[in-house]
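Lettering follows sequence order; numbering is per chain, from 1. On a predicted model such as this, the values are computed, not experimentally measured, just so you know.
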Amino acid sequence: MTKNLVIVESPAKAKTIEGFLGKEYQVKSCFGHVMDLSKKDLGVDIDHGFVPRYIISPDKKKIVSELKKLAGEAEIVWLASDEDREGEAIAAHLMEALTIQESKSRRIVFHEITKPAILEAIEHPRGIDRDLVNAQQARRVLDRLVGFELSPLLWKKIKPALSAGRVQSVAVRLIVEREEEIRNFKSASSFRVVGTFIVKNGKQLVPVEAELTRRFTTQEEAVAFLEKCSEADFLVEEIETKPAKKSPAPPFTTSTLQQEASRKLGFSVANTMRIAQDLYESGKITYMRTDSLNLSNLAIGMAKQEITGLFGADYVKTRKYTTKSKGAQEAHEAIRPTYMNVRSIDGDKSHKRLYDLIWKRTIASQMADALLEKTTVTIGISTSQEKFIAKGELIRFDGFLKLYLESSDEEPNNGGEKILPPMKKNDPLEMEQVDAQQKYAQPPPRYTEAMLVKKLEELGIGRPSTYAPTISTIQRREYVVKEDRQGTIRNFLVFTLKDGNIIRQEKTEKIGSEKAKLFPTDIGILVNQFLLEHFQNIMDYNFTATVEEQFDEIAEGKLVWNAMIQEFYGPFHSRIVQTLEGTRKVSGEKLLGTDPTTGLNVFVKIGRYGPMVQMGEADMENKPRFAALKKGQSMESITLDEALELFKLPRVLGVLDQAEVTVATGRFGPYIRHQSHFYSLMRSDDPLTITMERAIEIITEKKKMDQEKIIREFKEEKELKILNGKYGPYISYNKLNFKIPKNKVAEELTFEECKKIMTESKPTKSSKSRKSK
DNA sequence: CAGTGAGCGAGCTTCCGCTTGACTT
């Protein structure tokens with residue numbers, strides 16, 4: 001029996017802390033929140049001050065009862081959840097769920113998992129901060145009200161199983177609006193002029209590139225300028241040399257780690273978090289869900305030592321970074337290696353690469369600035385007022401650049417030097433050639449997952465623990481898709497002045513190809529439009545920031561939490577009722593044209609199962625025909641001809657064993673149907689052109705595969721089979737599945753043994769009844 | 001995974017933020 005029970009949120013943290021404290025302390029983890037609003041209903045008593053109905057989360061019952069037992073036996077229970085709104089609520093919920101007496105509980109907090117920080121915390125316990133708990137309560141209730149009133153509205157007005165929320169709906173809005181910007185973008189072109197001049201550097205002749213400060217809008221202007229250049233003299237008019245410095249990026253937070261891992265390693269945010277979790281659990285890095293830039297003094301000291309050892313004392317410059325991001329709660333340290341002197345780790349390639357990135361970033365953040373010398377050379381033209389500018393950059397002292405340079409979304413890494421040969425004012429320059437190249441303005445870039453996280457963080461929307469789940473939610477709801485897109489070819493002009501002649505060339509470039517970018521779907525666009533029209537306040541990019549200010553006031557005791565909720569809920573709920581009663585179902589219906597053979601109208605719209613085309617209208621005699629859009633088609637771009645193609649299915653291929661063989665396209669792609677069995681088509685098979693021969697081939701192949709799945713059948717009961725599944729053999733009976741006990745061999749089971757297993761064990765859930773994730 | 005789409009209506013879906021394994025047919 002231990003005298004002291006310490007409860008933290010994460011088990012990895014518990015293990016570390018247990019090592020710092022003596023035998024008198026037992027450290028356990030509660031695995032995050034243990035109580036939450038009931039999911040069965042709203043979970044909030046609207047009519048009586050919005051009192052939340054918190055229950056012990058179903059998946060936390062086991063850990064709660066275990067902790068409750070330990071808490072009962074302990075003399076003092078130390079509640080060491082994180083020092084932020086959510087952490088304070090966790091502590092309060094633990095008091096309630098474990099029924100801990102106030103007198104034997106202590107609330108402690110620390111921001112770093114170091115021995116001195118823990119011991120210091122133990123010295124300074126406090127009580128539960130009720131105001132902070134109320135702030136969490138307000139946050140939780142607001143999110144529940146928004147989510148659980150908006151989502152059902154969407155089910156009624158658009159289609160079932162949709163969702164809306166304070167965070168996800170704004171994330172979708174960003175992607176929809178970016179797509180609109182790109183679509184409406186008018187790509188104007190201009191001519192960028194670059195001159196190449198030859199400069200003598202001792203015996204060597206060095207080419208120097210200089211860009212004209214002005215761009216020409218028309219080719220006539222560009223050519224006229226080149227003509228002027230052909231008879232011009234060029235002169236160095238001015239040389240300016242300025243010192244400059246570059247500073248390292250701060251250490252990683254969740255958001256910046258996701259961004260850099262995406263840019264430098266090509267990881268999705270979910271992948272980055274999965275790997276970071278492994279590194280954390282194996283003790284290699286500190287906690288990976290954080291918005292703090294802070295490093296412990298211990299860590300900074302270790303970094304200093306490491307840098308001195310590797311590069312020398314000149315390369316050290318320790319720094320304390322402070323966060324600028326909105327709503328940061330800073331309960332942890334920045335993400336850093338646990339031990340700075342561990343330069344690399346064992347493990348698979350992606351673990352090594354992510355660790356390497358974290359190590360370099362952290363160490364570099366404590367290194368000296370890079371000292372640069374930037375040179376700007378202005379080149380005059382005897383026949384024109386325009387100027388050429390050549391730029392050079394010399395690294396005088398590399399500092400942190402020796403180790404690490406953050407990459408950017410806009411352009412590939414532009415690190416490194418660009419050295420100019422020595423030049424003097426009034427030096428004449430020999431022109432080798434001048435190019436005027438047509439350049440098109442770029443539309444804003446589509447979001448990658450990581451760019452979206454960056455944007456959300458800037459807006460103060462979402463938390464480190466929710467960035468990755470939010471991105472997966474909006475994809476799971478099919479509001480957005482992550483896709484690669486083929487680019488298109490575009491022509492551009494280049495005029496080159498060389499040896500007194502101007503040559504015109506037409507060249508091509510590939511533009512607009514995308515890799516792993518987020519695109520809005522038809523449903524995403526429709527839902528976004530609907531929410532914007534009726535709930536502008538919630539869709540406002542500042543909504544979260546505004547309510548966060550109020551949560552802060554609640555935390556400071558200046559605002560009563562349920563008064564704040566009341567003020568929000570009144571108008572919000574009225575809007576819900578108004579929209580529910582005052583608007584019709586929206587489908588985004590659009591008339592594409594009429595079918596030339598039947599004369600019926602053809603529409604495209606969103607149905608119960610997503611985007612579809614419809615031929616004809618429903619009336620007393622007629623039923624319209626429907627067909628789902630194919631992958632890659634969209635309501636916005638589909639043409640009448642493409643729509644008519646979709647109605648060519650289902651198609652009868654022929655007759656086999658007295659039954660029709662038909663081909664059609666369903667929820668999961670094209671399929672063949674025969675005797676009420678379904679056979680998926682391969683990617684290479686086109687349902688519009690597939691032949692009867694090929695269909696029979698597919699049918700026989702599938703039947704053979706199914707036959708091989710059967711381990712045993714029984715004469716006594718036809719429905720009872722032993723099958724070989726993805727996870728090994730199992731018993732199947734009337735669509736119920738049963739596990740085979742570990743001590744039995746599937747091939748040798750008798751009919752009686754199978755019946756015994758079925759009566760004695762519960763059927764495992766089949767995928768049909770299981771909730772799809 | 002399961003192969004649909006008038007309308008009828010029961011019964012289902014849903015939020016954000018803390019944290020990790022469980023366990024699949």
Side-chain angles (χ1 to χ4, degrees), chain A residues 8-13 29-37 39 42-43 57 59-60 63 81-82 84-87 89-90 93 136 139-155 159-169 277 281 287 289 331 461-467 469-470 473 477 544 587 605-614 616-620 622-628 650 662 664-673 676-680 709 723-732 737-739 764-768 770-773:
Chain A
V8 297
E9 291 179 42
S10 144
K13 207 184 206 181
S29 108
C30 66
F31 297 84
H33 274 296
V34 295
M35 299 184 87
D36 192 13
L37 302 178
K39 271 186 86 161
L42 196 59
S57 306
D59 59 329
K60 297 291 168 53
I63 186 74
S81 46
D82 297 345
D84 58 20
R85 211 159 60 201
E86 301 297 327
I90 288 172
H93 292 157
Q136 191 276 344
R139 198 279 305 157
R140 183 68 192 88
V141 167
L142 179 98
D143 283 336
R144 171 54 67 91
L145 293 174
V146 170
F148 274 41
E149 294 211 358
L150 276 184
S151 301
L153 183 68
L154 297 181
W155 306 341
K159 89 187 192 80
L162 294 176
S163 66
R166 173 176 59 82
V167 173
Q168 59 169 286
S169 296
Q277 177 91 30
E281 283 175 16
Y287 197 58
R289 289 184 279 262
I461 299 170
R463 304 279 313 127
S465 66
T466 61
Y467 295 138
T470 299
T473 297
R477 298 267 175 271
T544 291
S587 67
K605 66 200 268 197
I606 299 243
R608 200 162 134 59
Y609 304 104
M612 60 174 183
V613 285
Q614 175 181 336
E617 283 113 307
D619 55 38
M620 298 299 270
N622 301 306
K623 215 176 130 172
R625 287 184 66 200
F626 299 97
T662 56
T665 297
R667 171 91 173 79
F668 305 102
Y671 65 96
I672 295 166
R673 187 178 194 148
S676 71
H677 282 92
F678 298 93
Y679 306 88
S680 289
K709 247 177 71 180
L723 299 177
N724 201 7
K726 209 158 103 188
Y727 311 100
Y730 65 100
I731 298 169
S732 162
N737 298 320
F738 298 87
K739 268 190 197 167
T764 49
K765 281 179 184 167
S766 78
S767 52
K768 236 184 261 174
R770 210 175 72 234
K771 275 193 234 168
S772 57
K773 266 197 149 182

Whichever of M35(A) and E281(A) has the more 5' nearest nucleotide on DNA chain B, that residue is M35(A)
State whether the aromatic ring of F148(A) stacks on the base of dT14(B), taking stacking to mean ring centres under 5.5 Å apart and ring planes under 30° to each other. yes
When rounded to the nearest 0.5 Å, the distance separating CZ of R289(A) from CD of E9(A) is 10.0 Å
With the side chain defined as heavy atoms from C-beta on, Q277(A) is closest, among dG17(B), dT20(B), dC15(B), to dT20(B)
When rounded to whole Å, the CD to P distance for the pair E9(A) and dG21(B) reads 15 Å
Listed range with range, the stems formed with DNA chain B by at least 3 consecutive Watson-Crick or G-U pairs (under 3.5 Å) are none
Inset, instruction - Just call it for S10(A): base, sugar-phosphate, or nothing, with non-hydrogen atoms closer than 4.0 Å on any strand. - result: sugar-phosphate
Between CG of L154(A) and P of dT13(B) the distance, given in whole Å, is 16 Å
| said: Categorize S81(A) for me: base, sugar-phosphate, or nothing, with a 4.0 angstrom heavy-atom threshold over every strand shown. | reply: nothing
query: With sugar-phosphate meaning primed atoms plus P, OP1 and OP2, does Y287(A) contact a base, only sugar-phosphate, or nothing at under 4.0 Å between heavy atoms?
result: sugar-phosphate
Closest heavy-atom pair, L37(A) versus G43(A), reported as atoms and distance to 0.1 Å, is CD2-O, 3.5 Å
Looking at Q614(A), is its backbone amide N or carbonyl O close enough to the side chain of K605(A) to form a donor-acceptor pair, meaning the two atoms are under 3.5 Å apart? no
Hits for side-chain hydrogen bond (donor to acceptor under 3.5 Å, both in side chains) against D84(A), two or more places apart or cross-chain, chain-then-number order -> none
Side-chain atoms of F678(A) come closest, of dC15(B), dG3(B), dC16(B), to dG3(B)
- Query: Does R463(A) get its side chain close enough to the base of dC18(B), under 3.5 Å, for a donor-acceptor pair?
  - Reply: no
Sugar-phosphate, base or nothing in reach of V146(A), heavy atoms under 4.0 Å = nothing
Quick one: is R477(A) getting a side-chain N or O under 4.0 Å of the dT14(B) phosphate, OP1 or OP2? yes
Practice task
Scan L162(A) against the nucleic acid and name what it touches under 4.0 Å (heavy atoms): base, sugar-phosphate only, or nothing.
Solution key: sugar-phosphate
Y671(A) meets the ring-ring contact (aromatic ring centres under 6.0 Å, His included) criterion, sequence neighbours left out, with F678(A)
The nucleotide from dA2(B), dT13(B), dC16(B) with an atom nearest the side chain of S680(A) is dA2(B)
Side-chain atoms of E86(A) come closest, of dC18(B), dC15(B), dC16(B), to dC18(B)
Side-chain atoms of R166(A) come closest, of dT13(B), dC15(B), dG17(B), to dG17(B)
Inset, instruction - Give one of base, sugar-phosphate or nothing for P469(A), where a contact means two heavy atoms less than 4.0 Å apart. - result: nothing
Practice task
Can you check whether any acceptor in the base of dC18(B) is under 3.5 Å from a donor in the side chain of R289(A), or vice versa?
Solution key: no
Original post:
When all nucleic acid strands are considered with a 4.0 Å heavy-atom cut-off, which category describes E149(A): base, sugar-phosphate, or nothing?
Top reply: nothing
**Request:** Could you check whether R625(A) gets within reach of a base, just the sugar-phosphate, or nothing at all, counting any heavy atom under 4.0 Å?
**Result:** nothing
Value for OH (Y287(A)) from CG (D82(A)), rounded to nearest 0.5 Å, stands at 7.0 Å
message: Quick check on dT13(B): is either OP1 or OP2 less than 4.0 Å from any side-chain nitrogen or oxygen of S151(A)?
response: no
L150(A) CG to dT13(B) P, in whole Å, measures 18 Å
Please confirm whether the backbone N or O of A164(A) pairs with a side-chain atom of S151(A), one donor and one acceptor, at under 3.5 Å?
-> yes
Checklist entry - With stacking defined as ring centroids separated by under 5.5 Å and planes differing by under 30°, is W155(A) stacked against dT13(B)? => result yes
Would you mind classifying the nucleic acid contact of R673(A) as base, sugar-phosphate or nothing, using non-hydrogen atoms under 4.0 angstrom? sugar-phosphate
I90(A) atom CD1 is separated from dC16(B) atom P, nearest whole Å, by 18 Å
Taken to the nearest whole Å, CD/Q168(A) to C1'/dT14(B) is 8 Å
Show me the protein contacts with nucleotides 5-10 of chain B, counting only N or O atoms at under 3.5 Å.
{"from": "dG5(B)", "atom 1": "N2", "to": "Y609(A)", "atom 2": "N", "distance (Å)": "2.4"}
{"from": "dG5(B)", "atom 1": "N2", "to": "G610(A)", "atom 2": "N", "distance (Å)": "3.0"}
{"from": "dG5(B)", "atom 1": "N2", "to": "G610(A)", "atom 2": "O", "distance (Å)": "3.2"}

Across all chains, not counting sequence neighbours, the side-chain hydrogen bond (donor to acceptor under 3.5 Å, both in side chains) partners of D36(A) are R140(A)
Report yes if the ring of Y671(A) lies under 5.5 Å from the six-membered base ring of dG3(B) with planes under 30°, and no otherwise.
-> no
**Message:** Using atom P in both nucleotides, what's the gap between dA2(B) and dT25(B) to the nearest angstrom?
**Reply:** 10 Å
Closest to the side chain of S163(A), out of dC15(B), dC16(B), dT13(B), is dC15(B)
Rounded to the nearest 0.5 angstrom, the CZ-NZ distance for R144(A) and K39(A) is 8.0 Å
Check: Taking the same atom, C1', in dG21(B) and in dC1(B), what whole-Å distance lies between them?
Finding: 24 Å
Hits for ring-ring contact (aromatic ring centres under 6.0 Å, His included) against Y467(A), two or more places apart or cross-chain, chain-then-number order -> none
